[in-house]
K.L.:
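First, the structure itself, so that you have it in front of you.
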2 protein chains.
Amino acid sequence: MGRWEPNALERLQDAAMQLFQERGYDRTTVEEIAARAGLTERTFFRYFADKREVLFSRSKELEALIVNAIADAPKEMAPIDVVAAALEALSPGFEERRAHAAKRQPLILAHAELRERELIKLASLASAMAESLRGRGVEKTVANLVAEAGIAIFKSAFERWVEDTKKHELAHHVRVALAELRLITAGASVAPSSPLPTRKVPRRSRSTSR
Amino acid sequence: MGRWEPNALERLQDAAMQLFQERGYDRTTVEEIAARAGLTERTFFRYFADKREVLFSRSKELEALIVNAIADAPKEMAPIDVVAAALEALSPGFEERRAHAAKRQPLILAHAELRERELIKLASLASAMAESLRGRGVEKTVANLVAEAGIAIFKSAFERWVEDTKKHELAHHVRVALAELRLITAGASVAPSSPLPTRKVPRRSRSTSR
DNA sequence: GAAGTCATGTCAGCTTCTGACATCGGAGGT
DNA sequence: ACCTCCGATGTCAGAAGCTGACATGACTTC
């Protein structure tokens with residue numbers, strides 16, 4: 001494998017985070033990041049397709065985790081519950097990185113460029129989820145909508161998790177968001193019987209996989 | 001107002017679309033676009049913050065339409081129905097531009113840069129919708145979720161509208177998407193009574209505004 | 001017709017990103 | 001030990017996107 005100093009990729013990521021914190025994202029050049037990592041600009045672009053990617057390289061792992069969780073869920077489980085369970089399964093991994101997320105998220109929110117990148121990562125995640133659902137026999141348009149609903153739940157849950165001073169874990173917020181989504185869509189049309197229930201945060205419906 | 005040849009902005013948009021069709025997005029430079037419009041590169045960047053924006057300048061109008069439709073909806077209407085009605089209200093405007101959308105959408109889907117921009121426009125739309133819902137007294141987290149659900153519905157509906165060989169109007173697809181979303185979330189947990197209905201695409205629940 | 005205003009042009013420069021080619025340092029074979 | 005190969009990194013040149021500062025030209029207004 002690699003000779004030279006090891007972990008070039010991580011060194012670049014660390015250097016980037018440091019510099020973004022020190023001077024802000026747009027007053028940091030790729031050349032500076034590379035220099036701090038003891039590398040050259042050209043090498044940076046061998047590891048990351050562009051400057052933004054240095055903050056998003058973990059997204060493929062996330063995608064894999066979710067896709068697997070969806071594929072492995074019990075056959076009878078309803079698609080929306082499968083997705084919610086898959087999101088809950090991310091909880092431990094997120095818990096480890098709460099501190100990192102707390103630094104990273106404000107940075108992303110402050111820069112449209114980075115917001116865009118985050119959004120396309122989520123869109124890619126949605127596609128992967130939809131694909132995985134179709135593997136379970138869910139029809140295409142439904143799979144797409146469930147995946148989008150899953151993203152909506154995740155966004156809502158993640159946002160609250162980051163801000164949560166009580167430090168509830170992500171899984172908790174996922175359950176809350178799903179319950180809220182159910183309340184929201186529980187109007188008429190499908191089951192014209194029961195008018196919105198009053199209970200605020202019902203117990204979740206299913207267990208987490210993995 | 002402006003002297004010189006009028007409609008610089010539209011000339012730039014038209015030139016851009018032409019060139020993107022002829023050579024593709026990334027083999028078209030801003031300089032070329034400006035030249036075809038009879039202007040200079042510098043002027044292009046006075047009208048559009050970056051190269052991508054030339055394809056997205058109408059998004060603010062869209063946002064305004066939706067925000068107003070939400071604000072003007074009847075008091076008693078459930079938030080999700082308010083949003084769906086607002087989306088249905090866009091139908092006529094979209095119908096006029098079906099041909100344009102048919103050229104533009106494949107272009108966007110083929111280029112990650114443009115996908116990103118589209119996604120952030122939708123995110124901005126979601127924020128605006130949530131804000132407008134809060135103006136109706138909807139609680140913050142609920143407003144955010146309803147807005148995200150609205151975006152999910154819109155994406156689903158728009159995608160099908162673009163591909164629809166039968167040329168149903170957008171409003172129709174919005175109703176279908178909302179109905180599907182209701183089926184999806186209609187599991188247990190909120191109303192543990194009725195097991196998933198079998199009907200595939202139920203009639204819509206509410207009327208459209210405008 | 002002088003002054004002012006606003007859209008546009010000109011120019012210089014930075015940053016991001018890429019292709020082509022050179023180099024360096026270890027792995028493995030002999 | 002030596003040679004050869006290969007993969008990670010460096011070097012260089014350059015295109016394209018984007019910006020600030022300032023100049024210019026056209027049309028309005030008084």
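Letters A, B, ... mirror the listed sequences (proteins, then strands); counts begin at 1.
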K.L.:
Quick one: B/Glu53 CD to D/dT19 P, roughly how many Å, whole number?
P.N.:
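Computing the B/Glu53:CD to D/dT19:P distance gives 12 Å.
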K.L.:
Between B/Glu159 and A/Lys140, does at least one N-O distance fall below 4.0 Å, as a salt bridge requires?
P.N.:
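No.
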K.L.:
With sequence neighbours excluded, tell me which residues meet side chain to side chain contact (heavy atoms under 4.5 Å, CB included) with A/Glu148.
P.N.:
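A/Glu148: side chain to side chain contact (heavy atoms under 4.5 Å, CB included) contacts with A/Ala126, B/Ala152, B/Lys155.
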K.L.:
Assess whether a salt bridge exists between A/Arg52 and B/Glu116, defined as any Lys/Arg side-chain N lying under 4.0 Å from an Asp/Glu carboxylate O.
P.N.:
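Result for this pair is yes, salt bridge flagged.
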K.L.:
Would you mind listing every ring pair (Phe, Tyr, Trp, His ring centres under 6.0 Å) that reaches into residues 34-93 of chain A, with sequence neighbours excluded?
P.N.:
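Sorted result for residues 34-93 of chain A: A/Phe44-A/Phe48.
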K.L.:
Give me each pair satisfying ring pair (Phe, Tyr, Trp, His ring centres under 6.0 Å) with a member in residues 104-141 of chain A, each pair once, sequence neighbours excluded.
P.N.:
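Of all non-adjacent pairs touching residues 104-141 of chain A, those that pass ring pair (Phe, Tyr, Trp, His ring centres under 6.0 Å) are A/Tyr25-A/His111.
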K.L.:
Could you write nucleotides 13-19 of chain C as a row of B, S and -, 5' to 3', where a protein heavy atom under 4.0 Å of any base atom gives B, of only sugar-phosphate atoms gives S, and otherwise -?
P.N.:
--SBBBB
K.L.:
Please determine whether a side-chain nitrogen or oxygen atom of B/Tyr47 lies at a distance below 4.0 Å from atom OP1 or OP2 of C/dT8.
P.N.:
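Checking C/dT8 against B/Tyr47, a side-chain N or O does come within under 4.0 Å of OP1 or OP2.
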K.L.:
Hey, is A/Glu131 close enough to A/Arg134 for a salt bridge, meaning N to O under 4.0 Å?
P.N.:
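Salt bridge: no.
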K.L.:
Counting only side-chain nitrogens and oxygens, does B/Thr43 get under 4.0 Å of the OP1 or OP2 atom of C/dT8?
P.N.:
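For C/dT8, neither OP1 nor OP2 has a side-chain N or O of B/Thr43 closer than 4.0 Å.
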K.L.:
Hey, is A/Asp14 close enough to A/Arg36 for a salt bridge, meaning N to O under 4.0 Å?
P.N.:
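A/Arg36 and A/Asp14: not salt-bridged.
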K.L.:
Can you give me the bend angle of the helix from C/dG1-D/dC30 to C/dT30-D/dA1? Use the axis through the first five pairs and the one through the last five, nearest 10 degrees.
P.N.:
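Both end axes considered, the difference amounts to 10°.
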K.L.:
What donor-acceptor contacts under 3.5 angstrom involve side-chain atoms of residues 93-100 of chain B, with partners at least two apart or in another chain?
P.N.:
| residue | atom | partner | partner atom | Å |
| --- | --- | --- | --- | --- |
| B/Glu95 | OE1 | B/Trp161 | NE1 | 3.4 |
| B/Glu95 | OE2 | B/Arg98 | NH1 | 2.6 |
| B/Arg97 | NH2 | B/His100 | ND1 | 3.1 |
| B/Arg98 | NH2 | B/Trp161 | O | 3.4 |
| B/Arg98 | NH2 | B/His168 | O | 3.1 |

